[in-house]
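First up is the structure itself, then whatever we jot down about it.
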Amino acid sequence: MTGANSFSVSGYGPDRAGWTRLFARDSVTRRLDWPMLLSALALSGIGSALIYSATRNRTEINQGDPYYFLIRNLMNTGIGLALMIGTVWLGHRALRNAVPILYGASVLGILLVLTPLGATINGSRNWIVLGGGFSIQPSEFVKITIILGMAMMLSARVDAGDKPYPDHRTVLQALGLSAVPILIVLLMPDLGTVLVLVAIILGALLASGASNRWVFGLLGAGVLGCVAIWQLHILDEYQINRFAAFANPSLDPSGVGYNTNQARIAIGSGGLTGAGLFHGSQTTGQFVPEQQTDFVFTVAGEELGFAGAGLIIVLLGVILWRACRIARETTELYGTVVAASIVAWFAFQAFENIGMTLGIMPVTGLPLPFVSYGGSSMFVVWVAVGLLQSIRVQRPMSA
């Protein structure tokens with residue numbers, strides 16, 4: 001049997017053992033991008049160790065159990081792996097058909113955050129508390145929805161052979177589809193997620209072959225939008241303070257500038273090889289807030305040093321390199337746009353997270369992909385890996 005979602009095994013009959021088919025040349029297992037998968041697993045493993053180091057002594061948040069966050073992060077990783085496998089099994093093409101359902105569900109999810117069901121954590125109302133210590137961040141799933149929605153709309157007529165590239169009407173429709181969830185997320189307000197979504201949209205437009213006028217137009221509109229947001233006082237006070245601390249690191253070092261200053265001290269003290277895992281004075285002394293989530297890179301810098309922090313960056317680079325290769329090798333525009341959008345997402349979010357710990361980017365509360373603690377963020381990055389693997393698995397062998 002042949003088809004987009006079937007993987008025949010040349011030279012092997014139906015009476016052969018299953019394990020033989022599993023490792024045949026054109027099997028799913030052999031087609032997976034193993035450098036990407038192993039790099040993502042390594043990052044999740046390193047992240048678990050860093051999270052444990054940052055939280056084992058934090059009795060005020062770990063319920064008196066030093067393994068509380070470690071166990072939950074391993075559970076989140078396990079669920080993420082299951083979601084990745086499910087995504088590969090379904091296939092990115094099948095998910096294209098489910099975009100209307102996924103879009104409606106994601107918009108409903110972020111709307112619920114604005115109701116009494118929503119909860120405010122660290123200044124942003126972008127959570128729904130489920131009970132039992134579990135919560136969900138619906139805005140994280142919007143990233144996947146926008147990627148699939150943009151790819152579906154921008155590639156439909158091109159993959160059908162009707163157009164060589166998306167026309168202006170198609171681009172406008174795709175932008176309209178993305179504008180609704182972005183405006184809702186902005187109301188939370190979750191500026192960090194909005195910036196990631198904008199990066200995704202730019203990546204999708206560039207990969208689709210749309211006119212560069214759209215890209216430059218969006219960049220110009222983004223600048224005007226930032227000015228308008230500032231002038232209309234849409235940002236909350238804590239967000240304004242973060243930008244003020246970024247512009248002037250010496251401003252109120254015990255207040256708005258505290259997080260950034262302590263993060264830089266922790267990373268700077270690590271030197272080449274670090275103080276050793278579980279032996280960082282800044283981490284053990286709990287000087288850096290939110291070290292298991294937004295500032296997890298500071299644990300790597302202090303305890304693993306430049307070598308360990310550099311390894312994290314290298315592993316992220318491997319994932320981006322393999323994703324770029326998948327985007328280049330696929331023969332359908334839909335797959336290219338999906339892969340390129342994920343590259344833009346991972347690259348921007350990783351740069352912003354690491355940059356804010358080094359003081360070269362403002363603090364926005366974005367997690368480090370695969371490393372930071374957080375169920376919703378862990379789930380969506382593994383779904384993204386599943387999409388990339390599906391694109392690679394389903395491409396023709398000659399590609």
Where do [X] and [Y] come nearest, in terms of heavy atoms and distance?
{"X": "Ile144", "Y": "Val380", "value": "CD1-O, 3.8 Å"}
{"X": "Leu81", "Y": "Leu41", "value": "CD2-CD2, 3.8 Å"}
{"X": "Ile51", "Y": "Ser372", "value": "CD1-C, 4.0 Å"}
{"X": "Val158", "Y": "Leu154", "value": "CG2-O, 3.9 Å"}
{"X": "Met356", "Y": "Leu366", "value": "CE-O, 3.9 Å"}
{"X": "Trp34", "Y": "Thr29", "value": "NE1-O, 2.9 Å"}

[X] side chain to [Y] backbone, donor-acceptor under 3.5 Å:
{"X": "Ser135", "Y": "Trp127", "result": "no"}
{"X": "Thr170", "Y": "Pro166", "result": "no"}
{"X": "Thr284", "Y": "Ser281", "result": "no"}
{"X": "Ser390", "Y": "Gly386", "result": "no"}
{"X": "Tyr52", "Y": "Ile71", "result": "no"}
{"X": "Asn73", "Y": "Phe69", "result": "no"}
{"X": "Thr145", "Y": "Phe141", "result": "yes"}
{"X": "Arg31", "Y": "Val393", "result": "yes"}

Sequence neighbours excluded, which residues qualify as side chain to side chain donor-acceptor pair (under 3.5 Å) partners of [X]?
{"X": "Ser376", "result": "none"}
{"X": "Asn76", "result": "none"}
{"X": "Ser178", "result": "none"}
{"X": "Ser211", "result": "Arg213"}

Quiz prompt | Charged tip of Arg96 within 45° of Tyr334 ring normal and under 6.0 Å | solution = yes
Quiz item: Got a sec: does the CZ of Phe306 have more than 12 other heavy atoms crowding it under 6.0 Å?
Solution: no
Self-check item: From CA spacing to verdict: salt bridge (Lys or Arg N to Asp or Glu O under 4.0 Å), Asp167, Arg157
Solution: CA-CA 9 Å; Asp167 56 24; Arg157 301 185 69 180; 3.4 Å; yes
Quiz item: Who pairs with Thr283 by side-chain contact (heavy atoms from CB on, under 4.5 Å), at least two apart in sequence or on another chain?
Solution: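 For Thr283, the residues satisfying side-chain contact (heavy atoms from CB on, under 4.5 Å) (neighbours in sequence not counted) are Ser53, Ala54, Gln291, Val299, Glu302, Glu303.
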Quiz item: Applying side chain to side chain donor-acceptor pair (under 3.5 Å), which residue pairs with at least one partner in residues 342-361 are found, sequence neighbours left out?
Solution: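 Applying side chain to side chain donor-acceptor pair (under 3.5 Å) to every pair that reaches into residues 342-361, excluding sequence neighbours, yields Lys143-Gln349, Trp345-Gln349, Glu352-Thr364.
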How many angstroms lie between atom [atom1] of [X] and atom [atom2] of [Y], to the nearest 0.5 angstrom?
{"X": "Leu43", "Y": "Leu315", "atom1": "CG", "atom2": "CG", "answer": "4.5 Å"}
{"X": "Arg322", "Y": "Ile326", "atom1": "CZ", "atom2": "CD1", "answer": "7.0 Å"}
{"X": "Thr331", "Y": "Glu329", "atom1": "OG1", "atom2": "CD", "answer": "10.5 Å"}
{"X": "Arg72", "Y": "Ile79", "atom1": "CZ", "atom2": "CD1", "answer": "10.5 Å"}

Practice problem: With Leu50 as reference, evaluate Ile312, Leu368, Thr298 under the side-chain contact (heavy atoms from CB on, under 4.5 Å) test and give the passing residue. | Solution: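 Only one option passes, and that is Ile312.
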Quiz item: Going by distance alone, is a donor N or O of one side chain under 3.5 Å from an acceptor N or O of the other, for Asn126 and Ser139?
Solution: no
Practice problem: Tell me yes or no: between the side chains of Glu332 and His92, is some donor less than 3.5 Å from an acceptor? | Solution: yes
Quiz item: Leu195, Leu206: one ILVMFWY side-chain cluster at the under-4.5 Å cut-off?
Solution: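 Looking at the clustering, Leu206 is in the same group as Leu195.
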Quiz item: Given the rule that I, L, V, M, F, W and Y join up when any side-chain heavy atoms are under 4.5 Å apart, are Val383 and Ile85 in one cluster?
Solution: yes
